[in-house]
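Encoded as structure tokens, the structure appears first; notes follow it.
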Amino acid sequence: MRSSGAGRRSSGPAGRAKATKASGARQPASSRTAPGRAKAAPAKRTIAARTSTGTAGRTAARTSTGTTGRSATSARKAAARKAAPRKAATSGTAAATRRAAGGGAVRTGRSTSRSVRSSQLITSLQDRPERPGRSLVTTNHDVIRRWARQRGAKPATISGTDRAGRAGVLTFNIPGYRESSRIREITWDEWFHTFDLRRLNLIYQEQMRDGRQSNFFRTESPDREDG
């Protein structure tokens with residue numbers, strides 16, 4: 001009977017406790033594994049976070065460096081573009097100054113003739129006619145002097161056309177060509193003073209169509225004032 005009671009007591013709470021302890025003793029592996037895994041997960045996340053942060057930092061640094069380099073290049077290009085117009089403007093101003101001093105630009109006005117528009121512009125001693133017989137136009141002093149010198153022509157005016165102490169109608173005294181007792185020779189300074197003051201153009205030819213030297217010339221004003 002006692003032996004049977006002891007058996008019943010063993011199957012009671014005490015017995016269950018012992019059984020639980022025994023069961024717990026048989027489950028150490030699973031109990032330790034779960035916390036280990038739980039701890040390992042944050043460690044992986046921490047490594048991933050560091051990797052992500054490092055990658056983002058390097059990417060940002062490269063991006064920043066690239067952006068800075070592109071910005072510097074853009075700034076240099078912008079400065080070059082700004083400098084170019086200034087150079088062009090300076091060159092244009094110098095050219096305008098030369099033209100104002102008899103450099104060769106055609107003078108135009110409200111009554112510019114068709115002859116001036118259709119003639120080939122000669123602005124320097126290096127310019128040559130496109131073909132024999134071509135009508136030319138210039139205001140360049142050196143070009144006019146050379147043309148006259150090649151023909152033995154002297155600067156002149158027509159007597160009786162003087163105005164306010166300056167030469168009147170301008171012409172050239174060319175031996176054997178358009179000779180007249182009214183032609184009066186003057187200096188080049190006097191000739192060009194009137195030429196520039198009245199804003200005249202010289203329309204002329206270097207050669208006839210057959211290649212022979214031509215003595216044709218005419219001074220003309222864009223304001224239709226008699227040359």
Side-chain angles (χ1 to χ4, degrees), residues 88-227:
T90 301
S91 177
T93 300
T97 301
R98 288 194 297 271
R99 289 195 295 269
V106 170
R107 288 142 178 170
T108 59
R110 62 181 181 275
S111 301
T112 300
S113 71
R114 185 177 299 176
S115 297
V116 169
R117 293 192 180 94
S118 63
S119 297
Q120 178 188 341
L121 175 62
I122 302 296
T123 62
S124 72
L125 295 174
Q126 285 70 46
D127 293 342
R128 303 303 305 162
E130 297 169 349
R131 62 180 183 276
R134 185 72 165 93
S135 177
L136 311 173
V137 61
T138 191
T139 58
N140 184 280
H141 292 186
D142 292 334
V143 170
I144 295 173
R145 285 175 183 269
R146 182 183 65 181
W147 182 89
R149 184 173 60 251
Q150 291 174 344
R151 291 156 179 79
K154 303 294 183 182
T157 185
I158 302 298
S159 299
T161 63
D162 297 359
R163 301 180 184 180
R166 64 170 174 79
V169 177
L170 297 180
T171 186
F172 292 102
N173 186 14
I174 304 176
Y177 182 77
R178 293 185 181 177
E179 293 182 341
S180 171
S181 59
R182 296 185 61 195
I183 292 179
R184 178 173 63 86
E185 293 185 7
I186 57 177
T187 67
W188 277 115
D189 287 342
E190 292 175 307
W191 200 94
F192 284 124
H193 173 71
T194 298
F195 185 76
D196 293 335
L197 185 64
R198 294 170 57 193
R199 300 180 62 250
L200 300 177
N201 298 304
L202 179 69
I203 301 174
Y204 69 105
Q205 281 183 326
E206 287 283 0
Q207 296 176 312
M208 300 179 186
R209 291 185 179 180
D210 59 8
R212 291 180 298 165
Q213 187 180 70
S214 172
N215 292 331
F216 168 77
F217 71 91
R218 183 174 76 250
T219 58
E220 187 171 299
S221 167
D223 299 320
R224 292 289 182 174
E225 182 183 359
D226 291 339

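Heavy-atom basis, side chains included; hydrogens, waters and symmetry copies ignored.
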Donor-acceptor pair, Asp162 side chain versus Gly165 backbone, under 3.5 Å? no
What distance separates Asn201 CG from Ser221 OG, expressed to the nearest 0.5 Å? 8.0 Å
Under the rule for side chain to side chain contact (heavy atoms under 4.5 Å, CB included), what residues qualify as partners of Glu206, not counting sequence neighbours? Pro129, Leu136, Arg146, Trp147, Gln150, Arg151, Tyr204
CH2 of Trp188 to CZ of Arg145, rounded to nearest 0.5 Å, is 6.0 Å
With rounding to the nearest 0.5 Å, note down the distance linking OG1 in Thr138 to CD1 in Ile122. 7.0 Å
Pair Asp223 + Arg107, salt bridge at N-O below 4.0 Å: no
State whether the number of non-hydrogen atoms from other residues, nucleotides or ligands found under 6.0 Å of Arg209 atom CZ is greater than 12. no
Atom pair NE2/CD1 of His193 and Ile186 - distance to nearest 0.5 Å: 10.5 Å
Rounding to 0.5 Å, atoms CD (Gln120) and CD (Glu130) come to a distance of 4.0 Å
Any heavy-atom pair between the side chains of Phe172 and Ile144 that's under 4.5 Å? yes
I need the minimum non-hydrogen distance between Thr139 and Ala105, along with the two atoms involved. OG1-O, 2.9 Å
Please check this pair: side chain of Asn140 against backbone of Thr123, looking for a donor-acceptor N/O pair closer than 3.5 Å. yes
Note, Arg117 side chain near Thr108 side chain (heavy atom, < 4.5 Å): no
Keeping Arg218 on the side-chain end and Leu202 on the backbone end, is there a donor-acceptor pair under 3.5 Å? no
Between Thr157 and Leu170 (side chain of the first, backbone of the second, donor and acceptor by atom type, cut-off under 3.5 Å), is there such a pair? no
What do the steps show when you test Arg134 against Gln207 for side chain to side chain contact (heavy atoms under 4.5 Å, CB included), and what is the final call? CA-CA 8 Å; Arg134 185 72 165 93; Gln207 296 176 312; over 6 Å; no
Do the charged groups of Arg149 and Asp142 touch, with an N to O distance under 4.0 Å? no
What are the two closest non-hydrogen atoms of Trp191 and Thr171, and how far apart are they? NE1-O, 3.0 Å
Closest heavy-atom pair and its distance - Ile183, Ala156: CG2-CB, 3.6 Å
Closest heavy-atom contact between Thr161 and Val169? OG1-N, 3.0 Å
Working to the nearest 0.5 Å, report the span between CD1 of Ile203 and OG of Ser119. 5.0 Å
Aromatic rings Phe192 and Phe195: how do their planes relate, parallel, tilted or perpendicular, breaks at 30° and 60°? perpendicular
Minimal non-hydrogen separation, Gln205 against Ser135, with atom names: CG-CA, 4.5 Å
So, for Pro222 and Gly109, which heavy atoms are closest and what is the spacing to 0.1 Å? CB-N, 3.3 Å
